[in-house]
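Worksheet for the structure shown next.
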Amino acid sequence: MNWDDAAQAAPDRLLGAAADSDDQAVEAALRPRDLGEFVGQERVREQLGLVLQAARQRGGTADHVLLSGAPGLGKTTLSMIIAAEMGVPIRITSGPAIQHAGDLAAILSSLAEGEVLFLDEIHRMSRPAEEMLYMAMEDFRVDVVVGKGPGATAIPLELPPFTLVGATTRAGLLPPPLRDRFGFTGHMEFYAPAELERVIHRSAGLLDVSVDAGGAAEIAGRSRGTPRIANRLLRRVRDYAQVRADGLVTRETAAKALEVYEVDARGLDRLDRAVLRALLTLFGGGPVGLSTLAVAVGEERETVEEVAEPFLVREGLLARTPRGRVATAAAWTHLGLVAPQHSGGTGSGTGPGQTGLFGP
Ligand SMILES: Nc1ncnc2c1ncn2[C@@H]1O[C@H](COP(=O)(O)OP(=O)(O)OP(=O)(O)O)[C@@H](O)[C@H]1O
């Protein structure tokens with residue numbers, strides 16, 4: 001199971017970064033329409049702005065663009081902005097939807113001149129489709145193979161110039177020949193709390209929700225650096241403010257609402273805390289093997305590894321070591337527990353979980 005599958009395996013997770021059906025319904029309304037409205041990602045925004053302006057001045061199509069970064073950081077939104085800034089239509093598809101080279105040939109041959117083709121999860125495309133894409137990106141041409149075996153013939157097909165915008169959660173997974181064919185690569189970072197506050201104020205305006213500065217800060221602090229999560233938490237807090245308060249989202253209302261949804265002050269949810277708690281209370285802070293930890297919390301190994309761990313590692317609460325998972329000192333503090341004397345909290349101790357019984 002990879003990141004994307006694992007994220008989808010936990011679709012009901014309020015803090016999951018992948019879009020759920022509820023998100024899809026409102027996201028269209030919340031998407032910034034141009035680079036000026038797009039919050040944060042200053043470097044990518046400036047670089048991309050130059051690429052697009054130069055292409056407009058030359059009257060040509062923009063170079064192919066690769067956007068990498070975690071789910072929910074705005075890759076789809078940016079691809080739509082690219083099309084809007086270039087004044088061209090956009091076609092949206094994804095790697096897993098293109099399993100045969102013929103699927104890709106059909107899409108490419110039906111593009112309008114200058115159109116943006118957004119290929120989400122480009123790292124999950126099939127090999128033959130990927131190879132067809134090389135030629136399409138470089139020469140705006142594909143060879144369509146007709147027939148099979150010795151009688152097969154390749155018919156060259158000219159394509160209109162287009163801009164490919166590829167999105168991937170893992171740029172490192174792309175084969176170098178594909179990566180090299182992008183003229184510009186933008187790496188999307190997680191957002192700072194102040195940037196998320198701006199996203200929240202903007203979305204609140206569009207959804208007609210009253211949020212004060214404290215309310216926005218409270219939601220931002222629990223949104224794991226991700227605009228999609230910030231927008232989702234805003235909607236849940238809005239519900240709470242409407243039903244249990246006077247409709248205004250203050251710091252206190254936001255905190256109470258998110259307590260109901262079991263999202264803590266640092267943006268951990270029930271699964272994250274269960275993993276940490278098991279690591280601390282059952283295994284003395286580790287090291288403990290991933291499979292053992294997963295059994296202890298009653299989850300699949302992949303769910304713990306792909307859904308809970310990345311954020312815990314990013315927050316400095318958990319470390320992956322060759323001997324297993326280890327809690328940091330911050331993990332003990334966060335759960336309000338006291339680290340036992342023998343636990344260094346960083347894997348240097350000799351706690352009960354470090355007997356080697358539970359190898360990684
Ligand atoms: N920089 C931003 N400013 C304001 N809103 C943003 C920004 N980035 C993302 N959003 C909001 O977050 C939501 C998710 O963004 P988007 O769908 O573009 O993410 P993504 O990176 O393409 O995710 P995925 O990889 O899951 O497709 C959108 O509704 C959008 O409104």
Side-chain angles (χ1 to χ4, degrees), residues 2-11 13-49 65-85 90-97 116-125 165-171 173-174 185-207 209 211 216 219-220 223-236 306-307 310:
N2 63 29
W3 183 340
D4 314 289
D5 293 334
Q8 275 147 29
R13 235 179 143 229
L14 194 57
L15 294 175
D20 60 26
S21 51
D22 189 33
D23 293 325
Q24 281 157 8
V26 283
E27 277 189 357
L30 298 181
R31 283 187 202 285
R33 310 267 166 214
D34 56 43
L35 279 178
E37 265 188 66
F38 193 82
V39 174
Q41 310 291 345
E42 303 301 340
R43 195 164 312 150
V44 173
R45 225 153 38 96
E46 182 181 5
Q47 294 167 345
L48 194 57
V65 172
L66 179 65
L67 299 173
S68 73
L73 297 186
K75 298 183 293 297
T76 309
T77 305
L78 261 191
S79 73
M80 291 177 167
I81 289 175
I82 291 172
E85 299 250 341
I90 180 167
R91 185 87 54 96
I92 296 183
T93 185
S94 72
V116 168
L117 173 62
F118 178 61
L119 239 170
D120 204 3
E121 299 183 70
I122 192 169
H123 58 279
R124 298 180 71 193
M125 220 175 10
V165 180
T168 179
T169 47
R170 301 170 178 197
L173 286 186
L174 287 192
T185 299
H187 181 70
M188 317 274 290
E189 307 282 351
F190 286 99
Y191 291 66
E195 292 170 337
L196 288 181
E197 286 172 36
R198 280 165 56 204
V199 171
I200 291 163
H201 281 301
R202 180 180 171 276
S203 300
L206 292 168
L207 295 172
V209 184
V211 180
I219 298 171
S223 299
R224 303 164 79 116
T226 308
R228 171 173 291 134
I229 297 178
N231 284 339
R232 194 185 296 149
L233 295 187
L234 172 65
R235 302 201 299 278
R236 296 294 70 82
E306 306 288 350
V307 179

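Numbering of ligands and ligand atoms starts at 1, following listing order.
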- Nearest heavy-atom approach of Arg33 to Ala84 is O-CB, 3.9 Å

- Taking only residues two or more places apart in sequence, or in another chain, which ones meet Ser68 in a side-chain contact (heavy atoms from CB on, under 4.5 Å)? Thr168, Ala171, His187

- Note on the structure: By side-chain contact (heavy atoms from CB on, under 4.5 Å), Arg91 pairs with (sequence neighbours left out) Ile107, Ser110, Leu111, Glu115, Leu117

- Expected output: side-chain Lys75 to main-chain Val165 donor-acceptor under 3.5 Å: no

- Does Asp120 reach the side chain of Thr93, with side-chain heavy atoms less than 4.5 Å apart? no

Going by atom type alone, with no hydrogens or angles, which donor-acceptor pairs under 3.5 Å involve a side-chain atom of residues 190-198 and a protein atom two or more places apart or on another chain?
unit_1: Tyr191; atom_1: OH; unit_2: Gln41; atom_2: NE2; d: 3.4
unit_1: Tyr191; atom_1: OH; unit_2: Leu73; atom_2: O; d: 2.6
unit_1: Glu195; atom_1: OE1; unit_2: Ala192; atom_2: N; d: 3.0

- Query: Under a 4.0 Å heavy-atom cut-off, which residues neighbour ligand 1?
  - Reply: Glu27, Leu30, Arg31, Pro32, Phe38, Val39, Pro71, Gly72, Leu73, Gly74, Lys75, Thr76, Thr77, Asp120, Tyr191, Val199, Pro227, Arg228, Asn231

